[in-house]
Amino acid sequence: MAEKLAPREKGFSEWYVDVVLKAKLADYSDVKGCMVIRPNGYALWENMQRVLDRMFKETGHRNAYFPLLIPESFLRKEAEHVEGFAPQLAVVTHAGGKKLEEPYVIRPTSETIINSMFSRWIQSYRDLPMLLNQWANVIRWEMRTRLFLRTTEFLWQEGHTCHETDGEAEAETLRMLEVYRTFAEDYMAMPVLAGRKSESEKFAGAVRTYSIEAMMQDKKALQAGTSHNLGQNFARAFNTAFQGRDGQQHHVWQTSWGVSTRLIGGLILTHSDDAGLVVPPKLAATHVAIVVIGKGEERGPVLERAQAVAADLRRTGLSVLVDDDDTKSPGFKYYEHELTGVCLRMELGPKDLAKDQAVLVRRDDRAKVTVPLDAVVTQAQAMLDAMQASLFARAKQFRTDHTFEVNSMEEMKARADDGFLLAHWCESPACEAQVKEQTSGVTTRNRPFDLPQKPGTCVVCGQPSPGRMVFSKAY
RNA sequence: CGGGGAGUGGCUCAGCCUGGUAGAGCACUUGGUUCGGGACCAAGGGGUCGCAGGUUCGAAUCCUGUCUCCCCGACCA
């Protein structure tokens with residue numbers, strides 16, 4: 001069942017596909033560009049959803065649901081928006097056995113249809129802020145797809161908010177980006193750079209776009225979440241307006257922000273290894289797998305004890321699997337649980353039972369410890385905490401080791417595949433395009449808030465630069 | 001969409017060049033023995049050879065088209 005994985009060294013892409021397929025996270029479907037998320041993968045998404053949903057509620061947002069189908073004319077109301085999405089739209093032209101009067105597009109994102117409702121719901125400044133979130137699927141037609149990272153249909157959440165002032169909208173945009181940063185770092189154990197996107201990389205229809213960018217194990221960047229200050233662009237297009245404190249009509253100031261099932265790809269690309277999936281404990285579907293060892297009548301007492309330990313562990317909120325399958329050898333199960341990303345393995349056999357102990361093995365470093373049975377619960381907790389911290393620390397160290405300041409185009413070209421490149425850039429799209437062309441694919445990722453900005457000169461044209469920007473090849 | 005590679009039981013692949021009744025290993029089922037890093041013996045089930053046309057007495061094999069996946073580019077979360 002669990003065949004050997006393609007090693008990362010030999011081909012990173014093949015390794016990634018192997019992990020997804022063999023850990024049974026997802027499978028290819030018969031629909032071009034679309035995948036099936038299998039229970040192992042969906043469990044990760046459910047865990048992400050649970051945490052994020054709580055964070056959204058804690059920041060005052062409420063969930064709602066809008067239609068999958070959007071009248072084509074809605075998309076056209078915001079010029080930049082339709083231009084940005086036109087090539088990626090799937091359009092429904094027939095329904096009910098007839099050609100439709102007006103085609104529907106399948107939502108690539110919901111700003112337009114949500115604004116059509118906002119404009120009906122909002123009359124006064126007293127109706128603001130309006131803070132909504134939607135968990136949904138969207139479709140964006142893609143030329144080239146990759147499991148989780150880019151598929152034609154994907155699952156995500158999209159937050160949509162309306163505010164009285166530009167300042168409030170900007171604050172909301174940054175607040176939600178910070179929520180994403182917290183989620184990425186504290187739960188996914190994936191260090192990210194939060195910052196502002198360039199003009200050419202921003203969302204079609206936004207005034208400003210911010211992102212969190214993570215570095216994957218192949219040193220490429222993954223945009224893991226985006227938060228947009230939409231200004232009044234959609235409000236004007238849909239006449240989403242309110243009577244202000246001054247008695248005058250004003251268009252609302254809006255934001256939108258989203259993360260998607262792409263995060264699962266990010267999780268895999270950040271932590272997994274040649275033995276398979278590695279998941280940080282805070283998001284893992286299974287925290288502990290107890291492998292029952294023993295034959296014949298010695299098996300009974302071992303199983304009984306395993307069940308008791310499992311019950312103790314579950315009482316502390318952990319997800320525990322008691323692996324009592326006697327048709328597979330223990331060794332086989334070890335590989336299997338490593339492949340599917342179980343955080344901790346507990347081996348329990350007759351010899352252990354005689355000594356009132358068990359063996360615990362961490363998934364990430366495979367460190368093996370023998371602990372007294374009555375200490376398993378506290379030890380397991382400690383090991384999971386340590387693993388969570390160590391995954392983050394290791395990923396952060398990796399990023400540090402592959403981040404470089406570059407001061408010329410020559411250096412930029414030489415280091416194109418080496419990771420994050422911090423370079424001065426004059427903010428002109430032309431220079432950005434130059435870099436992309438000459439390095440075969442290095443693009444601006446964002447201008448991180450945490451990167452001190454000191455003036456310099458653009459690596460392309462030599463004109464003044466306000467500070468260093470992160471450049472990298474990206475997913 | 002352009003360049004390169006690949007589609008044959010669930011998986012990895014052989015067979016194709018040189019057409020002639022579809023194979024192996026692993027997995028699966030049953031019975032038995034096993035169990036501390038991928039157990040063993042025996043018996044068994046399972047494939048319109050990606051799909052659609054064509055050539056031929058006969059096609060996994062030759063020809064054409066098409067779909068899908070992988071790798072490298074162009075577009076994107």
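Reminder, nothing fancy here: chain letters follow the sequence lines and each chain counts from 1.
- For A/F332 and B/G38, the ring-to-base geometry does not satisfy the stacking test (centroid distance below 5.5 Å, interplanar angle below 30°).
- OP1 or OP2 of B/C70 has at least one side-chain nitrogen or oxygen of A/Y28 nearer than 4.0 Å.
- Using a 4.0 Å cut-off between a side-chain N of Lys or Arg and a carboxylate O of Asp or Glu, A/K333 and A/E336 do not qualify as a salt bridge.
- A/A358 is linked by a side chain to side chain contact (heavy atoms under 4.5 Å, CB included) to A/M346, A/L348, A/L373, A/V376, counting only residues two or more places apart in sequence or in another chain.
- Sequence neighbours left out, the pairs with a member in residues 348-361 of chain A that pass salt bridge (Lys or Arg N to Asp or Glu O under 4.0 Å) are A/R305-A/D356.
- Using atom P as the reference point in both B/C57 and B/G19, the two lie 15 Å apart (nearest Å).
- Nearer to the 5' terminus of RNA chain B, by closest-nucleotide assignment, is the contact made by A/S29 (compared with the other of A/S29 and A/E153).
- The same atom, P, is picked in B/U29 and in B/C72; the two are 38 Å apart, to the nearest Å.
- Rounded to an integer number of Å, the gap from NZ of A/K333 to C1' of B/G37 is 13 Å.
- A salt bridge does not link A/E142 to A/R144: none of the charged nitrogens lies less than 4.0 Å from a carboxylate oxygen.
- Among the heavy atoms of the strands lying under 4.0 Å from A/L149 is at least one base atom, whether or not backbone atoms are also near.
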Please output the side-chain donor-acceptor pairs of residues 261-269 of chain A that fall under 3.5 Å, not counting sequence neighbours, one pair per line with the distance.
{"unit_1": "A/T261", "atom_1": "OG1", "unit_2": "A/L155", "atom_2": "N", "d": "3.4"}
{"unit_1": "A/T261", "atom_1": "OG1", "unit_2": "A/L155", "atom_2": "O", "d": "3.3"}
{"unit_1": "A/R262", "atom_1": "NE", "unit_2": "A/L149", "atom_2": "O", "d": "3.0"}
{"unit_1": "A/R262", "atom_1": "NH1", "unit_2": "A/Q223", "atom_2": "O", "d": "3.0"}
{"unit_1": "A/R262", "atom_1": "NH2", "unit_2": "A/L149", "atom_2": "O", "d": "3.4"}

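- Note on A/F203: nothing from the nucleic acid sits closer than 4.0 angstrom, heavy atoms only.
- Scanning for side chain to side chain contact (heavy atoms under 4.5 Å, CB included) contacts around A/V82 gives A/L75, A/R76, with sequence neighbours left out.
- Near-neighbour residues of RNA chain B inside residues 350-366 of chain A, defined by a heavy atom below 4.0 Å, number-ordered: A/P350, A/K351, A/D352, A/V359.
- For the contact set between residues 259-266 of chain A and RNA chain B, defined by any heavy atom under 4.0 Å, the members are A/S260, A/R262.
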Please tabulate, one pair per line, each protein N/O and nucleotide N/O from nucleotides 71-74 of chain B that are separated by under 3.5 Å, including the distance.
{"unit_1": "B/C71", "atom_1": "OP1", "unit_2": "A/S13", "atom_2": "OG", "d": "2.7"}
{"unit_1": "B/C72", "atom_1": "OP2", "unit_2": "A/R144", "atom_2": "NH2", "d": "3.4"}

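- Between B/U64 and B/G23, the distance separating the two C1' atoms is 29 Å to the nearest Å.
- For the pair A/E336 CD and B/G37 P, the interatomic distance rounds to 17 Å; values are reported in whole Å.
- Listed by first and then second residue, the salt bridge (Lys or Arg N to Asp or Glu O under 4.0 Å) pairs involving residues 80-90 of chain A amount to none (not counting sequence neighbours).
- Side-chain atoms of A/Y42 and A/N47 include no donor-acceptor pair closer than 3.5 Å.
- Taking the C1' atom of each, B/C16 and B/A22 are spaced 13 Å apart, rounded to whole Å.
- Comparing B/U68 with B/G32, their P atoms are spaced 49 Å from each other, to the whole Å.
- Nucleotide B/U68 forms a pair with B/A6, judged by Watson-Crick or G-U wobble geometry with both contacts under 3.5 Å.
- Scored by the side chain to side chain contact (heavy atoms under 4.5 Å, CB included) test, A/A311 finds A/R315 as partners (sequence neighbours excluded).
- Between the base of B/G37 and the side chain of A/E338 there is a donor-acceptor pair shorter than 3.5 Å.
- With sequence neighbours excluded, the residues forming a side chain to side chain contact (heavy atoms under 4.5 Å, CB included) with A/A221 are A/E213, A/F420, A/R445, A/S472, A/A474, listed by chain and number.
- Listed by chain and number, the residues in a side-chain hydrogen bond (donor to acceptor under 3.5 Å, both in side chains) with A/N229 are A/E170 (sequence neighbours excluded).
- Distance A/Y210 OH to B/A77 P: 17 Å, rounded to the nearest Å.
- Only the P atoms considered, B/A6 is 14 Å distant from B/C63, to the nearest whole Å.
- Straight-line distance between the C1' atoms of B/G38 and B/G25: roughly 15 Å, to the nearest whole Å.
- Using modelled atom types, one finds a donor on one side chain and an acceptor on the other under 3.5 Å when comparing A/S256 with A/E111.
- Annotation: B/C49 and B/U21 have their P atoms spaced 15 Å apart (nearest Å).
- The stretch residues 278-292 of chain A participates, sequence neighbours left out, in no side chain to side chain donor-acceptor pair (under 3.5 Å) pair at all.
- Closest-nucleotide positions on RNA chain B for A/G225 and A/I293 were compared, and the one nearer the 5' end corresponds to A/I293.
- Among the protein residues, A/Q223 comes within range of the sugar-phosphate backbone only, with heavy atoms under 4.0 Å from sugar or phosphate atoms but none that close to a base.
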